[in-house]
Trainee: 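Here it is: the structure, laid out below.
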Amino acid sequence: MLNVVIFGPPGSGKGTQSEGIIEKFNLAHISTGDLLRAEISGHTQLGTIAKSFIDKGELVPDETIIGMIDNKIEALVGNKGVIFDGFPRTVAQAKALDELLADYKSKVSVMVNLEVPKEELVTRLLKRGETSGRSDDNMETIEKRISVYESQTKPVIDFYKEKEVYKSIEGVGSIEDIFGSISEAIESVQ
Ligand code: C5P
Ligand code: MG
């Protein structure tokens, strides 16, 4: 399987770029953020728990997220591959993903890190907030999300560097140019 982790801070373009990548490489898409938002819309028990964290800009606990991914992966084995968008968000989640994939004799093929400076992230998130209906539409939640990224999510980079599947991508520029760089990174491991 071709398993891609698309990584980067909130507002770095993971969701936008995933749309093109799934088509080009014929991958299944797992966005934990989308899954959580669907649980919230469906007023499920998981949705209620998730909402309390998301509204504060915090991370939903690892066990909850890992359980959600476990359910999804099972259904996707046999596919050409998967793009993981917004997951793993912690080193514990990255380790769990390795173990889940190992059960299917598979692993993460490449991790692409979209690098975008903080000022640009804030601009993008405020703009998205005008229409998205998401809770990260104000400076307080945005600042919180970025600081959670710095402290809890960024260490995931070193995890994948050690596994030698890490690729850094310049995340500022036209959507097409960034798409081109991500495509090259994925092609280099195929
Ligand atoms: O991935 P996305 O940016 O869409 O996630 C939106 C929110 O969902 C995050 O700010 C976080 O509160 C929650 N989330 C999480 N753990 C993940 C993915 C998303 O807690 N692995
Ligand atoms: Mg997203």
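Whatever order the structure lists them in is the order used to number ligands and atoms, beginning at 1.
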Trainee: State whether Glu140 and Lys144 are salt-bridged, where the test is any N-O pair (Lys NZ or Arg NE/NH1/NH2 against Asp/Glu carboxylate O) under 4.0 Å.
Mentor: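 Salt bridge absent between Glu140 and Lys144.
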Trainee: Just list the side-chain donor-acceptor pairs under 3.5 Å for residues 67-82, sequence neighbours left out, or say none.
Mentor:
residue, atom, partner, partner atom, Å
Asn71, ND2, Gly67, O, 3.4
Lys80, NZ, Phe25, O, 2.7

Trainee: Heavy atoms under 4.0 Å from ligand 1: which residues qualify?
Mentor: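 The 4.0 Å shell around ligand 1 contains Thr32, Gly33, Leu36, Arg37, Ile54, Glu58, Leu59, Val60, Ile65, Gly86, Arg89, Gln93, Arg134, Arg145.
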Trainee: Assess whether a salt bridge exists between Asp98 and Lys95, defined as any Lys/Arg side-chain N lying under 4.0 Å from an Asp/Glu carboxylate O.
Mentor: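 Result for this pair is no, no salt bridge flagged.
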Trainee: Under a 4.0 Å N-O cut-off, is there an ion pair linking Asp85 with Lys14?
Mentor: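 Looking at Lys14 together with Asp85, the answer is no, because their closest N to O distance does not fall below 4.0 Å.
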Trainee: Can we say Lys24 and Glu187 salt-bridge, meaning some charged N sits less than 4.0 Å from an Asp/Glu carboxylate O?
Mentor: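 Yes, Lys24 and Glu187 are salt-bridged.
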Trainee: Cut-off 3.5 Å, side chains only: do Asn3 and Ser106 have a donor facing an acceptor?
Mentor: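 Ser106 and Asn3 do have a side-chain donor-acceptor pair below 3.5 Å.
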